[in-house]
Amino acid sequence: MENILYKSTRGNDEKVTASKAILKGIAGDGGLFVPEKLPKLKLELKDIINKDYKELAYLVMKEFLTDFTEEELKYCIDGAYDKKFDTSLIAPLKKAGDDYYLELYHGATLAFKDMALSILPYLLKTAAKKEKMEKEIVILTATSGDTGKAALEGFSDVEGIKIIVFFPEEGVSDIQKRQMTTHKGNNTYVVGIKGNFDHAQSGVKNIFNDKELAIEMDNNNYIFSSANSINIGRLVPQVVYYFYAYSQLCKQNAISVGEKMNVVVPTGNFGNILAGYYAASMGLPINKFICASNDNNVLTDFINSGVYDRNREFFTTVSPSMDILISSNLERMLYELSGGDSNKIREFMADLNEKGIYEITKDMKDRLGKFYGAFANEEETLNAIKEVYARAQYLIDTHTSVAYVANEKYKEFSGDNTKSVIVSTASPYKFTGAVMGAIDDKYNTLNDFELIQEMAQYTEGYVPAAIKDIEKRTVIHSTICEKDEMKQVVKGILNI
Ligand SMILES: *Cc1c(COP(=O)(O)O)cnc(C)c1O
């Protein structure tokens, strides 16, 4: 069996096992860990059709995590994809109208982050054991709303691990905020920052790269790791559901085995769509990757022009989990597009850091041809929620709606009639205010919590258990800090 090692996108020569890459979260030179070479699925497509989610998870993940034994990996998978999900399919593909939606929100916190964050704690614990790690692991996480709760859920009360979550105090939905600030677990810390997600994410990256702090941490027997999608342990589990979507499309006779599909992905940090790209390079027949953005359309412009320019206004939108201007995992994509040219990546990232802008080469731009970028503004996003419900009695959340709009724009532009899978990243129950307001103005007088009950009539009476009593839960975490105080807050929590 082939052994896959991981190296930094920025090219220091260090090569590490998957376990080490997962434990470290980010490479020593500030780059992201990538597989030295992308593996292939050792299975014919027709043989994936009858695999259940866990079987498929094993077959895909073992190609990336080659230092895990079969027993270890199966233990992780079994622990993750269990009754925490409210359907045994884990990631059902629903047909509504003419469209197919891959519902990735059936886990504990109602967003697709559960797909990876249910298993990451298992992977991390297993990796720590393999590497004989004796230090206490401190997971530092920046969240645009969904990662935070999913990480808290996954890491609560896991022995040997503490988790600290930073979220933009004014940049998440009321339900997202309440999910986090009421979270129990004696190893969990939740902190609001006066800034947006980009500030939270840069703050966390700075803490990771702080050499002095690393020494203090070491002296106190702590080590940092990350639950953000900069951690390769987040990405690998996400590759699985693209294969699963394909197998369901085949099973539902929408396509025949071997035929291509398009995927439409509401994108922020570029983790989800990159996992799709990894799936394609493993052998999954994907025709186009439709990268959907909201008004923070830095990726749409990048795909169209080859210029990444974050010097623009930041908008707070109804799809807050995509309110991002610095899309971290794009660095991994650039690495692929440049054929692994770390010098180029270092240049781009230095430019991004210093000037906020870089332009990729002509060759790289040509290789971006499999991607199509489109964005939905606020009005289009809200209108589409109403339209999809009216046409198919199917309620989608704001992020999924952004993807729906992007797909419509793609179809109109291209005339392509390849079947598309719209990746549905959150339950409408996380964004009751925006979703119900889109359905009918009359709901604008009610708050997000009151709207939970109202929403039930649009989902055949079904209300997810995860948020049923959410407004009655006690707020436990109320710390708020300035964006330049994050390091101090972390030191305070760790008492160092
Ligand atoms: C995180 C998130 C996204 C963006 O995913 P990336 O992997 O960061 O591109 C989209 N929708 C929802 C609901 C999310 O929580």
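One-based numbering, in listed order, for ligands and for the atoms of each. Every heavy atom of this structure was used, including side-chain atoms; hydrogens, water molecules and symmetry mates were not. Computed from a predicted structure; not experimentally measured.
Near T267, meaning under 4.0 Å from any of its heavy atoms, are these atoms of ligand 1: 9 (O). In the vicinity of M322, heavy-atom distances shorter than 4.0 Å reach the ligand 1 atoms 10 (C). Distances below 4.0 Å separate heavy atoms of T425 from the following atoms of ligand 1: 10 (C), 11 (N), 12 (C), 13 (C). Residue-ligand proximity, A426 to ligand 1, at heavy-atom distances under 4.0 Å covers atoms 13 (C).
In terms of protein heavy atoms, atom 10 (C) of ligand 1 is closest to P266 O, 3.4 Å.
Between the side chain of Y81 and the main chain of M115, a donor-acceptor pair closer than 3.5 Å is present.
Distance check, rounded to the nearest 0.5 Å: CG of L93 to OH of Y246 gives 13.0 Å.
Not one N or O of S144 is nearer than 3.5 Å to an N or O of ligand 1, by distance alone. Considering backbone and side-chain atoms alike, G268 places an N or O below 3.5 Å from some N or O of ligand 1. Polar contact check, D146 against ligand 1: a nitrogen or oxygen pair lies under 3.5 Å apart. Residue G271 has at least one nitrogen or oxygen atom sitting less than 3.5 Å from a nitrogen or oxygen atom of ligand 1, judged on distance alone. In terms of polar-atom proximity, defined here as any N/O pair under 3.5 Å, N269 does make such a contact with ligand 1. When only interatomic distances are considered, the shortest N/O to N/O separation between N272 and ligand 1 falls below 3.5 Å.
With K430 as reference, D146 is the one residue of D397, D146, V172 to meet the side-chain contact (heavy atoms from CB on, under 4.5 Å) rule.
For F112, every heavy-atom contact with ligand 1 shorter than 4.0 Å involves the side chain, none the backbone. Contact annotation: for K113 versus ligand 1, heavy atoms closer than 4.0 Å belong to the side chain alone.
Taking the centre and axis of the six-membered ring of F155, the NZ or CZ atom of K125 falls outside the cone set by 45° and 6.0 Å.
Using a cut-off of 4.0 Å between Lys/Arg side-chain N and Asp/Glu carboxylate O, K409 and E412 are scored as not salt-bridged. The pair R312-D301 counts as a salt bridge, with a side-chain nitrogen and a carboxylate oxygen less than 4.0 angstrom apart. We find that E169 and K177 are joined by a salt bridge, their nearest charged nitrogen and carboxylate oxygen being less than 4.0 Å apart. One finds no salt bridge joining R332 and E336 here, because no Lys/Arg side-chain nitrogen approaches an Asp/Glu carboxylate oxygen to under 4.0 Å.
The shell of residues lying under 4.0 angstrom from ligand 1, judged by heavy atoms, excludes S229.
A donor atom on one side chain and an acceptor atom on the other are not found under 3.5 Å apart for T109 and E153.
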